[in-house]
Amino acid sequence: MPELPEVEVVRRGLERWAAGRTVAAVEALHPRAIRRHPGGADDFSARLTGRTLGVAQRRGKYLWVPLDGDLEGGDEALLGHLGMSGQLLIQPIGTPDETHLRVRVAFTDDGPELRFVDQRTFGGLSLDAVKDGVPLTIAHIARDPLDPQFADAAFIAALRAKSTGVKRALLDQSLISGVGNIYADEALWRARLHFERPSSGLTLPEAKRLLVAVREVMGEALAVGGTSFDSLYVNVNGESGYFARALNAYGQAGRPCGRCATPINRVAFMNRSSYYCPRCQKAARP
DNA sequence: CCTCATTCCTGCGGGC
DNA sequence: TGCCCGCAGGAATGAG
(Lines give C-alpha, C1' and ligand atoms only; values in the text may rest on other atoms or scores of the structure.)
Protein backbone atom coordinates (compact mmCIF):
# COMPACT_ATOMS: atom_id res chain seq x y z
CA MET A 1 0.00 0.00 0.00
CA PRO A 2 1.91 2.98 -1.23
CA GLU A 3 2.37 5.87 1.15
CA LEU A 4 4.99 8.60 0.90
CA PRO A 5 8.14 6.42 1.03
CA GLU A 6 6.82 4.04 -1.60
CA VAL A 7 5.70 6.88 -3.88
CA GLU A 8 9.11 8.50 -3.54
CA VAL A 9 10.74 5.25 -4.62
CA VAL A 10 8.50 5.26 -7.69
CA ARG A 11 9.30 8.93 -8.36
CA ARG A 12 13.00 8.15 -8.36
CA GLY A 13 12.38 5.30 -10.76
CA LEU A 14 10.51 7.60 -13.12
CA GLU A 15 13.30 10.16 -12.93
CA ARG A 16 15.80 7.46 -13.81
CA TRP A 17 13.86 5.66 -16.54
CA ALA A 18 11.37 8.09 -18.08
CA ALA A 19 12.79 11.63 -17.95
CA GLY A 20 13.73 13.04 -21.32
CA ARG A 21 11.78 10.47 -23.31
CA THR A 22 9.11 11.44 -25.84
CA VAL A 23 5.70 9.76 -25.91
CA ALA A 24 4.91 7.92 -29.14
CA ALA A 25 1.55 6.35 -28.24
CA VAL A 26 -0.84 6.09 -25.32
CA GLU A 27 -3.45 3.44 -24.60
CA ALA A 28 -5.95 4.10 -21.83
CA LEU A 29 -7.39 0.64 -21.28
CA HIS A 30 -9.75 1.29 -18.37
CA PRO A 31 -11.96 4.39 -17.98
CA ARG A 32 -11.73 4.36 -14.19
CA ALA A 33 -7.96 4.73 -14.29
CA ILE A 34 -8.33 8.12 -15.98
CA ARG A 35 -11.59 9.21 -14.33
CA ARG A 36 -9.87 12.31 -12.95
CA HIS A 37 -9.01 13.41 -16.48
CA PRO A 38 -11.89 15.67 -17.56
CA GLY A 39 -11.55 15.00 -21.30
CA GLY A 40 -11.76 11.22 -21.17
CA ALA A 41 -9.55 8.57 -22.74
CA ASP A 42 -9.26 10.01 -26.25
CA ASP A 43 -8.32 13.46 -24.99
CA PHE A 44 -5.85 11.97 -22.52
CA SER A 45 -4.12 9.95 -25.22
CA ALA A 46 -4.10 12.73 -27.81
CA ARG A 47 -2.70 15.35 -25.48
CA LEU A 48 0.00 13.12 -24.01
CA THR A 49 1.23 11.83 -27.35
CA GLY A 50 4.24 13.73 -28.68
CA ARG A 51 5.12 15.26 -25.31
CA THR A 52 8.53 14.89 -23.70
CA LEU A 53 8.55 13.82 -20.06
CA GLY A 54 10.40 15.93 -17.54
CA VAL A 55 11.72 15.04 -14.08
CA ALA A 56 9.03 13.50 -11.87
CA GLN A 57 7.93 15.51 -8.83
CA ARG A 58 6.08 14.46 -5.71
CA ARG A 59 3.96 15.93 -2.96
CA GLY A 60 2.68 13.52 -0.34
CA LYS A 61 1.32 10.51 -2.21
CA TYR A 62 0.79 12.34 -5.50
CA LEU A 63 3.42 12.42 -8.19
CA TRP A 64 3.55 14.26 -11.47
CA VAL A 65 5.72 14.45 -14.55
CA PRO A 66 6.06 17.92 -16.16
CA LEU A 67 5.41 17.90 -19.89
CA ASP A 68 7.56 19.88 -22.29
CA GLY A 69 6.44 21.33 -25.59
CA ASP A 70 3.36 23.12 -24.33
CA LEU A 71 3.07 26.00 -26.79
CA GLU A 72 0.19 27.59 -24.91
CA GLY A 73 2.54 28.66 -22.17
CA GLY A 74 0.59 27.10 -19.32
CA ASP A 75 2.70 24.40 -17.82
CA GLU A 76 1.10 20.98 -17.87
CA ALA A 77 1.90 17.68 -16.18
CA LEU A 78 0.99 14.02 -16.16
CA LEU A 79 -0.44 13.62 -12.66
CA GLY A 80 -0.76 10.28 -10.92
CA HIS A 81 -1.89 8.70 -7.68
CA LEU A 82 -1.25 5.03 -6.95
CA GLY A 83 -4.27 4.61 -4.68
CA MET A 84 -4.04 1.31 -2.84
CA SER A 85 -2.69 -1.01 -5.44
CA GLY A 86 -1.29 1.11 -8.27
CA GLN A 87 2.09 0.43 -9.82
CA LEU A 88 4.10 2.29 -12.42
CA LEU A 89 6.25 -0.22 -14.24
CA ILE A 90 8.92 0.15 -16.88
CA GLN A 91 8.56 -2.94 -19.05
CA PRO A 92 10.33 -4.04 -22.20
CA ILE A 93 8.13 -3.94 -25.28
CA GLY A 94 6.51 -7.32 -25.81
CA THR A 95 6.25 -8.15 -22.11
CA PRO A 96 2.85 -9.85 -21.69
CA ASP A 97 0.16 -7.46 -20.48
CA GLU A 98 -0.41 -7.53 -16.75
CA THR A 99 -3.90 -8.67 -15.69
CA HIS A 100 -4.71 -5.21 -14.37
CA LEU A 101 -2.88 -3.12 -16.95
CA ARG A 102 -4.79 0.18 -17.17
CA VAL A 103 -2.60 2.57 -19.17
CA ARG A 104 0.29 1.94 -21.55
CA VAL A 105 2.68 4.69 -22.66
CA ALA A 106 5.10 3.88 -25.49
CA PHE A 107 8.08 6.05 -26.40
CA THR A 108 9.66 7.22 -29.65
CA ASP A 109 12.99 5.59 -28.73
CA ASP A 110 11.26 2.17 -28.92
CA GLY A 111 12.63 1.46 -25.45
CA PRO A 112 10.71 0.01 -22.50
CA GLU A 113 7.10 1.12 -22.00
CA LEU A 114 5.69 2.92 -19.00
CA ARG A 115 2.72 0.95 -17.67
CA PHE A 116 0.15 1.86 -15.06
CA VAL A 117 -1.13 -1.33 -13.43
CA ASP A 118 -3.80 -1.15 -10.73
CA GLN A 119 -5.91 -4.00 -9.41
CA ARG A 120 -8.40 -2.06 -7.30
CA THR A 121 -8.50 1.08 -9.45
CA PHE A 122 -8.36 3.52 -6.56
CA GLY A 123 -5.46 5.16 -8.32
CA GLY A 124 -5.37 6.96 -11.63
CA LEU A 125 -3.67 9.26 -14.10
CA SER A 126 -4.70 12.62 -15.55
CA LEU A 127 -3.30 15.63 -17.34
CA ASP A 128 -3.40 18.79 -15.31
CA ALA A 129 -2.32 22.40 -15.57
CA VAL A 130 0.57 23.37 -13.31
CA LYS A 131 0.55 26.63 -11.41
CA ASP A 132 3.32 27.76 -9.08
CA GLY A 133 5.02 24.42 -9.52
CA VAL A 134 2.04 22.30 -8.41
CA PRO A 135 -0.79 20.73 -10.44
CA LEU A 136 -4.02 22.66 -9.96
CA THR A 137 -6.10 19.74 -8.72
CA ILE A 138 -3.73 19.05 -5.84
CA ALA A 139 -3.23 22.64 -4.74
CA HIS A 140 -5.10 21.77 -1.53
CA ILE A 141 -2.62 19.01 -0.61
CA ALA A 142 -0.25 20.13 2.14
CA ARG A 143 3.49 19.82 1.86
CA ASP A 144 4.80 16.53 3.24
CA PRO A 145 7.15 16.15 6.21
CA LEU A 146 10.13 15.30 4.01
CA ASP A 147 9.67 18.52 1.98
CA PRO A 148 12.43 21.01 2.92
CA GLN A 149 9.77 23.74 2.93
CA PHE A 150 7.46 21.92 5.33
CA ALA A 151 6.76 24.38 8.16
CA ASP A 152 7.10 22.50 11.44
CA ALA A 153 5.82 25.24 13.73
CA ALA A 154 2.82 26.00 11.51
CA PHE A 155 1.91 22.32 11.34
CA ILE A 156 2.12 21.89 15.10
CA ALA A 157 0.01 24.99 15.64
CA ALA A 158 -2.60 23.80 13.12
CA LEU A 159 -2.62 20.32 14.65
CA ARG A 160 -3.28 21.69 18.13
CA ALA A 161 -5.94 24.04 16.77
CA LYS A 162 -8.04 21.22 15.29
CA SER A 163 -10.86 19.60 17.20
CA THR A 164 -10.38 16.02 16.14
CA GLY A 165 -8.43 12.93 17.07
CA VAL A 166 -4.71 12.94 16.45
CA LYS A 167 -4.80 10.07 13.97
CA ARG A 168 -7.58 11.70 11.94
CA ALA A 169 -5.40 14.80 11.82
CA LEU A 170 -2.38 12.79 10.60
CA LEU A 171 -4.49 11.34 7.81
CA ASP A 172 -5.78 14.79 6.77
CA GLN A 173 -3.80 15.48 3.60
CA SER A 174 -4.58 19.18 3.79
CA LEU A 175 -2.74 19.39 7.12
CA ILE A 176 0.19 17.07 6.42
CA SER A 177 0.44 14.89 3.34
CA GLY A 178 1.90 11.49 2.66
CA VAL A 179 0.79 9.82 5.89
CA GLY A 180 -1.50 6.82 5.48
CA ASN A 181 -2.83 4.23 7.87
CA ILE A 182 0.43 2.32 8.15
CA TYR A 183 2.77 5.19 8.97
CA ALA A 184 0.16 6.90 11.14
CA ASP A 185 0.03 3.85 13.41
CA GLU A 186 3.80 3.44 13.35
CA ALA A 187 4.46 7.10 14.19
CA LEU A 188 1.86 7.10 16.99
CA TRP A 189 3.43 3.97 18.45
CA ARG A 190 6.86 5.52 18.29
CA ALA A 191 5.62 8.75 19.90
CA ARG A 192 3.67 6.74 22.51
CA LEU A 193 0.41 8.49 21.72
CA HIS A 194 -3.05 6.92 21.57
CA PHE A 195 -4.69 7.41 18.16
CA GLU A 196 -7.82 8.99 19.65
CA ARG A 197 -6.05 11.57 21.76
CA PRO A 198 -7.68 14.94 20.97
CA SER A 199 -5.24 16.84 18.79
CA SER A 200 -6.03 20.02 20.68
CA GLY A 201 -5.01 18.35 23.93
CA LEU A 202 -1.50 17.46 22.82
CA THR A 203 1.22 19.23 24.72
CA LEU A 204 3.84 21.02 22.69
CA PRO A 205 6.44 18.34 23.49
CA GLU A 206 4.00 15.61 22.47
CA ALA A 207 3.24 17.30 19.16
CA LYS A 208 6.92 17.80 18.44
CA ARG A 209 7.61 14.19 19.37
CA LEU A 210 4.92 13.06 16.96
CA LEU A 211 6.35 15.00 14.04
CA VAL A 212 9.81 13.63 14.78
CA ALA A 213 8.32 10.13 14.82
CA VAL A 214 6.56 10.66 11.49
CA ARG A 215 9.82 11.78 9.92
CA GLU A 216 11.81 8.93 11.44
CA VAL A 217 9.48 6.17 10.33
CA MET A 218 9.18 7.57 6.83
CA GLY A 219 12.90 8.16 6.52
CA GLU A 220 13.69 4.63 7.62
CA ALA A 221 11.14 3.18 5.23
CA LEU A 222 12.52 5.22 2.38
CA ALA A 223 16.04 4.06 3.19
CA VAL A 224 15.03 0.46 2.58
CA GLY A 225 12.81 1.14 -0.41
CA GLY A 226 9.33 1.38 1.07
CA THR A 227 6.95 -1.06 2.70
CA SER A 228 5.49 -4.09 1.00
CA PHE A 229 3.21 -6.80 2.30
CA ASP A 230 2.45 -8.65 -0.89
CA SER A 231 2.86 -8.32 -4.62
CA LEU A 232 0.42 -5.40 -4.79
CA TYR A 233 3.08 -2.81 -4.26
CA VAL A 234 6.06 -2.93 -6.56
CA ASN A 235 8.25 -0.01 -7.52
CA VAL A 236 8.94 1.27 -10.99
CA ASN A 237 11.48 -1.47 -11.62
CA GLY A 238 9.34 -4.24 -10.24
CA GLU A 239 11.26 -4.57 -6.99
CA SER A 240 9.35 -4.77 -3.74
CA GLY A 241 10.29 -2.85 -0.63
CA TYR A 242 10.93 -4.71 2.56
CA PHE A 243 10.10 -2.37 5.42
CA ALA A 244 7.20 -4.62 6.47
CA ARG A 245 9.42 -6.72 8.66
CA ALA A 246 10.30 -3.64 10.74
CA LEU A 247 6.71 -2.69 11.66
CA ASN A 248 6.06 -2.22 15.36
CA ALA A 249 2.29 -1.71 15.44
CA TYR A 250 0.55 -1.89 12.07
CA GLY A 251 -0.77 -5.38 11.38
CA GLN A 252 0.76 -6.69 14.62
CA ALA A 253 -2.45 -7.52 16.53
CA GLY A 254 -1.74 -10.00 19.32
CA ARG A 255 2.02 -9.79 18.94
CA PRO A 256 4.09 -8.38 21.80
CA CYS A 257 4.87 -4.67 21.83
CA GLY A 258 8.53 -4.10 21.07
CA ARG A 259 8.85 -1.86 24.13
CA CYS A 260 6.79 -3.53 26.86
CA ALA A 261 5.69 -6.90 25.42
CA THR A 262 2.00 -6.13 25.97
CA PRO A 263 -0.02 -7.60 23.05
CA ILE A 264 -0.78 -5.02 20.35
CA ASN A 265 -4.49 -4.13 20.06
CA ARG A 266 -6.50 -3.79 16.87
CA VAL A 267 -9.71 -1.76 16.80
CA ALA A 268 -11.99 -0.55 14.01
CA PHE A 269 -11.41 3.05 13.04
CA MET A 270 -12.68 5.06 10.06
CA ASN A 271 -13.68 1.94 8.12
CA ARG A 272 -10.19 0.56 8.60
CA SER A 273 -8.08 -0.49 11.57
CA SER A 274 -5.94 1.08 14.22
CA TYR A 275 -3.15 -0.86 15.88
CA TYR A 276 -1.66 0.34 19.14
CA CYS A 277 -0.08 -0.79 22.38
CA PRO A 278 -2.67 -0.48 25.15
CA ARG A 279 0.06 0.05 27.73
CA CYS A 280 2.47 2.43 25.94
CA GLN A 281 -0.24 4.43 24.20
CA LYS A 282 -2.80 5.49 26.80
CA ALA A 283 -5.99 7.26 25.74
CA ALA A 284 -5.70 9.80 28.54
CA ARG A 285 -2.59 11.44 29.87
CA PRO A 286 -1.75 10.43 33.45
C1' DC B 1 -15.99 26.96 7.67
C1' DC B 2 -15.45 22.59 10.01
C1' DT B 3 -15.97 17.70 10.90
C1' DC B 4 -17.12 13.18 9.62
C1' DA B 5 -19.52 9.16 7.33
C1' DT B 6 -19.99 7.22 2.88
C1' DT B 7 -18.42 5.49 -1.44
C1' DC B 8 -15.62 3.58 -5.11
C1' DC B 9 -12.89 -1.36 -6.39
C1' DT B 10 -11.17 -6.47 -6.49
C1' DG B 11 -8.74 -10.51 -4.61
C1' DC B 12 -7.99 -13.17 -0.73
C1' DG B 13 -8.92 -15.87 3.27
C1' DG B 14 -11.91 -17.56 6.98
C1' DG B 15 -16.15 -19.74 8.28
C1' DC B 16 -19.73 -22.89 7.41
C1' DT C 1 -15.93 -28.02 -2.67
C1' DG C 2 -18.08 -23.75 -3.00
C1' DC C 3 -20.32 -19.75 -1.49
C1' DC C 4 -20.65 -15.62 1.25
C1' DC C 5 -18.82 -12.17 3.82
C1' DG C 6 -15.35 -9.18 5.83
C1' DC C 7 -11.23 -6.86 5.02
C1' DA C 8 -7.58 -4.05 2.85
C1' DG C 9 -7.89 1.88 2.43
C1' DG C 10 -6.96 7.20 -0.19
C1' DA C 11 -9.53 10.86 -0.96
C1' DA C 12 -13.60 13.07 -3.25
C1' DT C 13 -18.09 14.05 -1.94
C1' DG C 14 -21.97 15.75 0.45
C1' DA C 15 -24.51 16.00 4.79
C1' DG C 16 -25.09 18.25 9.09
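Bear in mind that the values here come from a model prediction, so they are computed numbers and not experimental data.
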**Prompt:** Just by protein heavy atoms under 4.0 Å, how would nucleotides 2-8 of chain B read 5' to 3' in B, S and -?
**Reply:** -SSSBBB

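- Using a 4.0 Å heavy-atom cutoff across all strands shown, A:Tyr62 reaches sugar-phosphate atoms only and no base atom.
- Evaluated for a salt bridge (charged side-chain N to carboxylate O under 4.0 Å, His left out) with A:Asp144, the options A:Arg58, A:Arg215, A:Arg59 yield exactly one hit, A:Arg58.
- Checking the phosphate oxygens (OP1, OP2) of C:dG10, no side-chain nitrogen or oxygen of A:Tyr183 falls inside 4.0 Å.
- Annotation: the terminal axes of the helix from B:dC2-C:dG16 to B:dC16-C:dG2 meet at 50°, where each axis is the rotation carrying the C1' atoms of four end pairs onto the next four (5 pairs per end, rounded to 10°).
- A:His30 comes within 4.0 angstrom of nothing in the nucleic acid, heavy atoms only.
- Linking Ile, Leu, Val, Met, Phe, Trp and Tyr whenever their side-chain heavy atoms come within less than 4.5 Å leaves A:Ile138 and A:Ile176 in two separate clusters.
- For A:His100, the ring pair (Phe, Tyr, Trp, His ring centres under 6.0 Å) criterion is met by no residue, not counting sequence neighbours.
- For the side-chain contact (heavy atoms from CB on, under 4.5 Å) test, residues two or more places apart in sequence or in another chain that qualify with A:Ala213 are A:Ala187, A:Arg190, A:Ala191.
- For A:Thr121, counting side-chain heavy atoms from C-beta on, the closest listed nucleotide (C:dG10, B:dC9, C:dA8) is B:dC9.
- For C:dA12, its base never sits under 3.5 Å from the side chain of A:Arg36 at any donor and acceptor pair.
- Sequence neighbours left out, not one pair with a member in residues 123-140 of chain A passes salt bridge (charged side-chain N to carboxylate O under 4.0 Å, His left out).
- When heavy atoms are screened at a 4.0 angstrom cut-off, A:Arg266 is found touching the sugar-phosphate backbone but no base atom.
- Rounded to whole angstrom, the span from the CD atom of A:Glu6 across to the C1' atom of C:dG10 amounts to 13 Å.
- Applying the ring pair (Phe, Tyr, Trp, His ring centres under 6.0 Å) test to A:Tyr62 and every residue at least two apart in sequence or in another chain returns A:His81.
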